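From a predicted model like this one, the values you see are computed outputs, not experimental measurements.
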Amino acid sequence: MAYKRISAEEAASLIRDKEMLALSGFTPSGCPKGIFRALSKRAIKLHEDGEEFAVGILTGASTCQSIEGDMAAAKALRFRAPFSTNKDFRTHTNIGEIEYEDMHLGHMAERLRRNFYGEIDWAIIEVSDMIEGQDICKAFLTSAGGITATIVRLAKHVIIEHNSFHHSNARYLHDTFEPIECGFGRPPIPIVSPYDRVGDNFIAIDAWKIAGVVETNIPEEARTFNEPDEATTQIGQNVAELLANDMRTGRIPSQFLPVQSGVGATGNAVFKALSASPLIPRFHVYSEVVQDAAIHYMMEGKIINASATAMTVTNERLKMVYDNIDYFSKHLTLRQSEIANSPEVIRRLGVIALNTALECDIYGNENSSHVCGSSLMNGIGGSCDYERNGYLSIFTTPSTAKNGKISAIVPMCCHVDSTEHDVDVIVTEQGVADLRGKGPIHRAHEIIENCAHPDYRPLLRDYLKHIAPMGHEPQSMRAALAFHDTFLRKGDMRLTDFAEYQV
């Protein structure tokens with residue numbers, strides 16, 4: 001049977017004020033775009049007519065400009081979880097217009113099954129193809145998995161966006177597996193190697209839930225990242241040398257271990273360095289995302305297999321995957337996010353977790369989400385799913401930002417996402433601080449001398465030696481946030497004078 005075809009505008013008209021929407025996709029990949037371009041325009045018109053309209057949006061990860069950016073600008077978002085990287089969303093959240101829960105990505109599907117967010121009114125998903133059965137629709141996803149299997153089962157209604165920009169070959173990349181609800185009798189997730197597939201390549205949807213199918217042909221709103229610069233290239237080389245040394249000493253087995261990497265230019269630089277190093281063998285990827293660099297090194301054979309929730313790649317790289325589906329169907333698996341981010345699987349495989357920080361403090365605590373303690377930058381995403389459960393947890397960051405006015409190494413983080421207990425190694429372009437097996441003072445010296453920029457080392461040494469009172473982790477409550485306070489008042493952390501903060 002053929003399901004009812006409707007326009008994006010007709011689909012948008014079905015959604016009412018205060019309803020909860022759950023979407024396919026993970027990062028800008030795999031998200032429904034046409035319906036939300038119509039929905040944000042509808043919201044603006046309703047507001048002009050004096051009517052209230054704002055919805056809640058639940059997703060697997062961040063989305064794209066057409067969803068959270070345009071919806072935020074249209075003042076059509078009342079609640080959002082679990083993650084965002086969008087500038088417009090950030091602006092409207094930081095002025096208090098949007099209620100935002102920054103949440104671990106691996107937790108979302110279970111929280112939905114347990115009704116943490118109430119009922120889902122609409123599941124809106126993007127598909128590359130579908131089999132339109134009378135009772136069940138078999139829907140084939142596009143470039144991401146996310147929380148789609150869970151939301152189509154729980155939602156009252158489903159709208160399908162069939163995006164013909166994506167080749168129907170995308171189905172051969174997916175492994176869709178949803179565990180039963182937690183509790184006694186829940187069996188293990190049967191993944192023992194990165195490429196293992198344990199489910200179906202489609203999403204099953206009750207046909208009676210489907211309100212309509214919107215036909216679109218819209219490219220992914222792909223983000224492009226800067227090419228590795230001198231700092232990120234050096235960070236990548238520092239990581240490669242650290243891991244090669246761990247292999248020499250037997251801390252990493254000779255066959256190496258699967259690697260996870262967050263999204264961004266630094267992640268691409270790390271993959272480039274690992275792939276170029278003659279000391280690092282061919283390796284597997286078990287991660288939330290694969291970026292352009294990972295796809296490139298898969299084609300070259302340096303990366304053997306990759307498992308992720310999304311291909312966060314340019315449209316040109318995406319087309320290359322579809323054109324080479326015979327190869328990638330055997331080497332690339334796209335999963336639901338609760339499987340990609342499962343603590344059980346991450347621990348079993350011994351994943352090396354590589355994530356990016358905004359700042360780290362001298363004892364090893366890490367902040368990846370907020371600027372100067374208050375302003376949202378992004379969110380934690382899935383970094384904590386990996387760093388808490390991985391075999392080795394590494395955080396990377398350039399040592400400075402804003403032309404040296406901000407130090408990424410500070411006396412105390414203004415906001416903590418990953419605690420010292422979960423951070424094994426900090427890497428900047430200056431060097432490597434290996435924190436394993438070291439107490440707080442030893443860690444502080446490692447971080448200051450190896451990772452801080454030379455402009456800031458004297459200040460950090462003075463803080464640790466003269467300002468911070470004694471204790472297990474010496475801190476001065478007056479001076480701990482002096483770097484941040486100085487930046488807010490003077491615009492440059494280098495102007496910090498700790499004397500101002502003494503009694």
Side-chain angles (χ1 to χ4, degrees), residues 8 11-12 15 20-41 43 55-74 76-77 80-89 105 108-109 112 120 122-130 139-152 155 158-167 170 173-174 176 203 205 213-224 263 288-291 308-315 317-318 334-337 340 378-379 381-382:
I15 298 167
M20 185 65 79
L21 283 52
L23 314 183
S24 67
F26 194 94
T27 70
S29 304
C31 300
K33 294 166 277 289
I35 293 167
F36 280 89
R37 293 177 183 183
L39 186 59
S40 58
K41 292 177 182 177
V55 298
I57 289 182
L58 305 169
T59 58
S62 58
T63 60
C64 59
Q65 179 65 30
S66 291
I67 298 176
E68 53 199 326
D70 292 350
M71 291 288 285
L77 281 179
R80 175 82 174 90
F83 183 51
S84 175
T85 59
N86 182 270
K87 182 179 183 298
D88 289 330
F89 175 86
L105 304 187
M108 277 303 293
L112 290 171
I120 300 173
W122 295 93
I124 305 175
I125 69 169
E126 180 184 80
V127 306
S128 62
D129 202 357
M130 56 188 166
F140 301 97
L141 299 178
T142 58
S143 54
I147 55 174
T148 316
T150 300
I151 63 174
V152 298
V158 177
I159 302 173
I160 296 174
E161 189 167 307
H162 176 212
N163 188 354
S164 57
F165 173 81
H166 291 277
H167 200 288
L173 302 173
H174 285 271
T176 301
I203 300 290
I205 308 172
V213 176
V214 176
E215 298 286 349
T216 64
N217 188 313
I218 303 174
E220 294 285 38
E221 296 179 17
R223 289 177 290 178
T224 56
V263 177
E288 298 176 296
V289 299
V290 288
Q291 298 188 108
T309 296
M311 289 187 287
T312 306
V313 298
T314 60
N315 286 309
R317 192 73 72 179
L318 183 64
L334 298 181
R335 305 187 189 278
Q336 297 293 286
S337 53
N378 294 311

message: Using a 3.5 Å distance criterion without hydrogens, assess whether the side chain of Glu220 forms a donor-acceptor pair with backbone atoms of Gly30.
response: yes

message: I'd like to know if the side chain of Arg335 pairs up with that of Thr176 as donor and acceptor (distance under 3.5 Å, no hydrogens or angles considered).
response: no

Backbone N/O of Ser62 and side chain of Thr59: donor-acceptor pair under 3.5 Å: no

task: Identify the heavy atoms of Leu105 and Pro82 that sit nearest to each other, and give their distance.
output: CD2-CG, 3.4 Å

- prompt: Taking NZ, NE, NH1 and NH2 as the nitrogens, is one of them in Lys33 or Glu126 under 4.0 Å from a carboxylate oxygen of the other?
  reply: yes

statement: The reported gap from CG in Leu39 to CH2 in Trp122 (rounded to nearest 0.5 angstrom) is 11.0 Å

Donor + acceptor pair across side chains of Thr312, Thr27 (<3.5 Å): yes

query: Is the shortest heavy-atom distance from the side chain of Ile124 to the side chain of Leu21 under 4.5 Å?
result: yes

query: Rounded to the nearest 0.5 Å, how far does CG of Leu141 lie from CG of Leu334?
result: 9.0 Å

message: Does any part of the side chain of Val127, heavy atoms only, come nearer than 4.5 Å to the side chain of Phe140, both counted from C-beta?
response: no

field: Test item: side-chain donor near acceptor, Ser66 and Glu221, under 3.5 Å
entry: yes

- prompt: Phe89 versus Arg80: any side-chain heavy-atom pair under 4.5 Å?
  reply: yes

message: For a quick test of reading the model, state the closest non-hydrogen atom pair linking Leu77 to Ile57 and the distance between them.
response: CD2-CD1, 3.4 Å

message: If I compare all heavy atoms of Ala310 with all of Phe26, which pair ends up nearest, and what's the gap?
response: CB-O, 3.3 Å

Pair Ile160-Ile205, side-chain contact (heavy atoms from CB on, under 4.5 Å): steps then yes or no: CA-CA 10 Å; Ile160 296 174; Ile205 308 172; 4.1 Å; yes

Side chain to side chain donor-acceptor pair (under 3.5 Å) involving Asn315 - partner list, sequence neighbours excluded: none

query: Is any side-chain heavy atom of Met108 closer than 4.5 Å to a side-chain heavy atom of Thr150?
result: no

field: Expected output: side-chain Ser164 to main-chain Thr216 donor-acceptor under 3.5 Å
entry: yes

- prompt: Rounded to the nearest 0.5 Å, how far apart are CD1 of Ile159 and CG of Leu23?
  reply: 10.5 Å

query: Which heavy atom in Ile147 sits nearest to a heavy atom in Gln336, and how many Å separate them?
result: C-OE1, 3.5 Å

- prompt: How long is the span from the CE atom in Met311 to the OG atom in Ser29, to the nearest 0.5 Å?
  reply: 7.5 Å

Leu112 side, atom CG; Met20 side, atom CE - distance, nearest 0.5 Å: 9.0 Å

- request: For Ser84, check side chain to side chain donor-acceptor pair (under 3.5 Å) against everything at least two apart and list the hits.
  value: Glu68

- prompt: Hey, mind stepping through Met130 and Val213 against side-chain contact (heavy atoms from CB on, under 4.5 Å) and telling me if it holds?
  reply: CA-CA 11 Å; Met130 56 188 166; Val213 176; 3.4 Å; yes

query: Taking the side chain as C-beta and beyond, is there a heavy-atom pair between Ser24 and Cys31 under 4.5 Å?
result: no

message: With a 4.5 Å cut-off on side-chain heavy atoms, are His162 and Val214 touching?
response: no

- prompt: Roughly how far, to the nearest 0.5 Å, is the CZ atom of Phe165 from the OG atom of Ser128?
  reply: 12.5 Å

Residue pair Ile125, Val152: steps toward the side-chain contact (heavy atoms from CB on, under 4.5 Å) verdict: CA-CA 8 Å; Ile125 69 169; Val152 298; 4.0 Å; yes

field: Donor on one side chain, acceptor on other, Asn378 and Thr85, under 3.5 Å
entry: no

- line: Nearest heavy-atom contact between Ser143 and His166 is OG-CE1, 3.8 Å

message: Please find the pair of heavy atoms, one from Arg37 and one from Ser40, that lie closest to each other, and give the distance.
response: O-OG, 3.3 Å

